Amino acid sequence: MSARSSETGRRKWALAPLLALAVIYGCDRAEPQEPPSQEAIALTQLPTGSWPTNGGDLYNRRHSPLTAIDRDNVSSLKGVWRTRLRGSGLGPQYSGEAQPIVVDGVIYVVTGADDVFAIDVETGDILWEYRAELDPANDAVCCGWTSRGVGYGDGKVFVGQLDGRLVALDRNDGSVLWSVQAERWQEGYTITSAPLYYDGLVVTGFAGGERGIRGRVKAYDADDGSLAWTFYTIPGPGEIGHDTWPDDNDVWMDGGAPVWQTPAVDPELGLLYFSTGNPGPDYNGSIRAGDNLFSASIVAVDAKTGEYRWHFQQVHHDIWDYDGPSPVVLFDIEIDGEPRKGLAQASKTGWVYILDRTNGEPLIGIEERPVPQEPRQATSPTQPYPAGDAFVPQSIPIAPEGARLVNQGRIFTPFWTDEPVLVKPGVAGGANWPPSSYDPQTGYLYVCASDRIWAYISEEVGPERPPEGESYIAGGFGGFHLHSLGVFAALDMHTNELVWQQHWPQPCYSGSVTTAGGLVFVGRSDGRLTALDSSDGTLLWEFQTGAGMNAPATVFEHEGRQYVVAYSAGNLFAGSPRGDSVWLFGLDGTLPQVEPGGAEAVTSTSAEGPADLANGRTVYEAACLFCHGEAGEGGHGGGPALTAASSLSAVRQIVGEGRNDMPGFGAALSAEQIRDVSAYVAEELAGAEQ
């Protein structure tokens, strides 16, 4: 391991370690202050009769040791019951990304509206529900109104809300036991991840990297919601890493580094692990020279106190939105004949970063290499390159029609304000939020990803602090006209090399769960839940759920029988059909699959009467703004500008039926909503002919 000069705070890694990591970081790894509780140790075991955490265990492995459903009989899997969640999360702005948890015969699931439902495993009956009643004026949400799950512990169900509240519910009846305003959405903070219960604490990170926030992770007392500790992902003056931000401005105060996912914990080491998002402002690094710690990093802190222990930065001075929204995964593995404690995280860069979780040192080599420079962006001279294989393409071999390639569109190609630059991978990855799963029998990590060309451009920005809670993005991107593909891959954590890899016709946007029966369950945006052979990716089973299957499934045992439960609700970012169904699957099931793509709810796109432009704007802000921007200029979701819309009739047809990568909204919006939003786009944003 070698280190660049301390002036930049660079942690530079080579294949052979020459210095102890503690010396590099100036911080010895502290031992746990007290032995972990038996409850905490139990949560590191692979789940069987329950699924008590968002990741199945404290290691986030998302693996079931059950074998009753296997390669030979999975083709017989059918629905046992289907429960509708009373219309929660059906609006166009919502996404269903929550992995259900299961405790003592009860399934707990949260919708994109932050409404929580408790469902009886045996009957599918809704035992209770909690309605969050979110403020529709909340404009701090980046990427669709969503929740990725709830937490459980101490007889309570914990939900982090898009309005910045952390709420504890009684597991028996859903009544609110306590509620705290952890952060305010008016300041740009939201919670999209499942809270984590650990040894009397409830831990949550905060999203909002596009809103000028200073990222943080907080832990609360599970009994009463009192604050236990706070760790800031952007270090302040006098803290480790603060010297990687400029000393001539206060941009660090809005430096981003949000935390999108549920952390992992090793109770024996007493460490809690998470990865962080992009620095702010996004897409322009000119006013934030330096590495910008702890953005785009994997961080370990003391689980009981929140004190810094170590970090590894995956992308120095990120300008590409190459953040780490996918959860870290912990595992024990033998490498070169020695047992090692590993950590892996699949990134938007298209690499898996594999570290020793005791100290943050690369477990499989990671080398600093020179990269192309753009002085106006204050780009980093080098970036970390993990040994092994990338799981998505990281260059563009052939220029798309009408485009000019710079540096063959390779990863880390810089850009500026003069013209868009094409790069692979882009802002959506690689691996986005969908969690990876890990099979401890083989040491394989299964990664869900996307493959698409993206075009980047920067915008001028000054050092002044942005207004509270407003967008802090100094550039933009767009998805090039070529089709988006999905990638699903298995990588061997002994070597970080591909075992097998598949291209899908749609981006992979669901996450996965593995089983000891040789299976990987993974959803598809077209509504299918599928089971693959974990050894080679062969499709063994599929079931059409009727809406986008964009949440990881959960595997558990009840009364001696193995089941799979899945939340089928669709997704704004994936453009998949909406729904509100929870499905239970088993070998004793009798329910057949249903019609695909929300066909049960398809409506006519033709509505009589004059358009209501005010309602059209409301629909636009809920369903379209994320992709197309506030004024139709192109937004964070990569949608094209709408200023060239040719006519109202053309807009209405596209909204209803879709075009290219844009899905049709005929199954998600009413005829009146389609009429109104089409008129708003054509008349207010584009000024098209009627």
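Since the structure is predicted, the reported quantities are computational estimates derived from the model, not experimental observations.
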For this session: Dump the intermediate steps for salt bridge (charged side-chain N to carboxylate O under 4.0 Å, His left out) on D163 and R165, then the final yes or no.
Result: CA-CA 6 Å; D163 57 7; R165 299 197 70 81; 5.4 Å; no
Closest heavy-atom pair, D115 versus S88, reported as atoms and distance to 0.1 Å, is OD2-OG, 2.7 Å
Any side-chain donor-acceptor pair under 3.5 Å between [X] and [Y]?
| X | Y | value |
| --- | --- | --- |
| R452 | S484 | yes |
| T514 | D439 | no |
| Q99 | R62 | yes |

For the pair [X] and [Y], find out whether any cationic side-chain nitrogen is under 4.0 Å from an anionic carboxylate oxygen.
| X | Y | value |
| --- | --- | --- |
| D154 | K156 | yes |
| D356 | K341 | no |
| D323 | K348 | yes |
| R357 | D332 | yes |
| R171 | D104 | yes |
| R340 | E334 | no |
| D302 | K304 | no |

Given the options Y444, Y446, F331, Y438 meets ring pair (Phe, Tyr, Trp, His ring centres under 6.0 Å) only with F331
Which of Y567, F521, Y563, F543 passes ring pair (Phe, Tyr, Trp, His ring centres under 6.0 Å) with W583? It is F543
key: Main-chain N/O of L591 paired with W81 side-chain donor or acceptor, under 3.5 Å   = no
Using a 4.5 Å cut-off on heavy atoms from C-beta on, say whether the side chain of [Y] contacts that of [X].
| X | Y | answer |
| --- | --- | --- |
| T545 | V594 | no |
| L127 | I119 | no |
| V555 | Q562 | yes |
| Y198 | L272 | no |
| L166 | P195 | yes |
| V80 | D588 | yes |
| E268 | I41 | yes |
| I69 | L77 | yes |

* Any idea how W145 and Y94 line up, ring-wise: parallel (<30°), tilted (30 to 60°), or perpendicular (>60°)? -> perpendicular
Interatomic spacing from [atom1] in [X] to [atom2] in [Y] - rounded to 0.5 Å:
| X | Y | atom1 | atom2 | result |
| --- | --- | --- | --- | --- |
| Y108 | W128 | OH | CH2 | 6.5 Å |
| R148 | S193 | CZ | OG | 8.0 Å |
| S568 | R528 | OG | CZ | 13.0 Å |
| N54 | T262 | CG | OG1 | 4.0 Å |

Pair S576, N550 - check side chain to side chain donor-acceptor pair (under 3.5 Å), show working.
CA-CA 8 Å; S576 53; N550 298 117; 2.6 Å; yes
When L532, L485, V487 are each screened for side chain to side chain contact (heavy atoms under 4.5 Å, CB included) with Q502, the one that passes is L532
Result for side chain to side chain contact (heavy atoms under 4.5 Å, CB included) between V109 and one of V116, L85, V150 points to L85
Would you confirm whether the ring centroid of [Y] sits within less than 6.0 angstrom of the ring centroid of [X]?
| X | Y | result |
| --- | --- | --- |
| W433 | F573 | no |
| F274 | W260 | no |
| W504 | F488 | yes |

| Counting only heavy atoms not in R131, do more than 12 fall under 6.0 Å of its CZ? | yes
task = Check the pair L271 / V265 against side-chain contact (heavy atoms from CB on, under 4.5 Å), numbers first and verdict last.
result = CA-CA 6 Å; L271 296 181; V265 176; over 6 Å; no
Go through the steps for E97 and N571 under the test side chain to side chain donor-acceptor pair (under 3.5 Å), then give the verdict.
-> CA-CA 7 Å; E97 300 174 350; N571 189 284; 2.7 Å; yes
Requested in this report: Given side chain to side chain donor-acceptor pair (under 3.5 Å), test Q345 with Q314 step by step and report yes or no.
Outcome: CA-CA 10 Å; Q345 201 264 339; Q314 298 150 293; 2.6 Å; yes
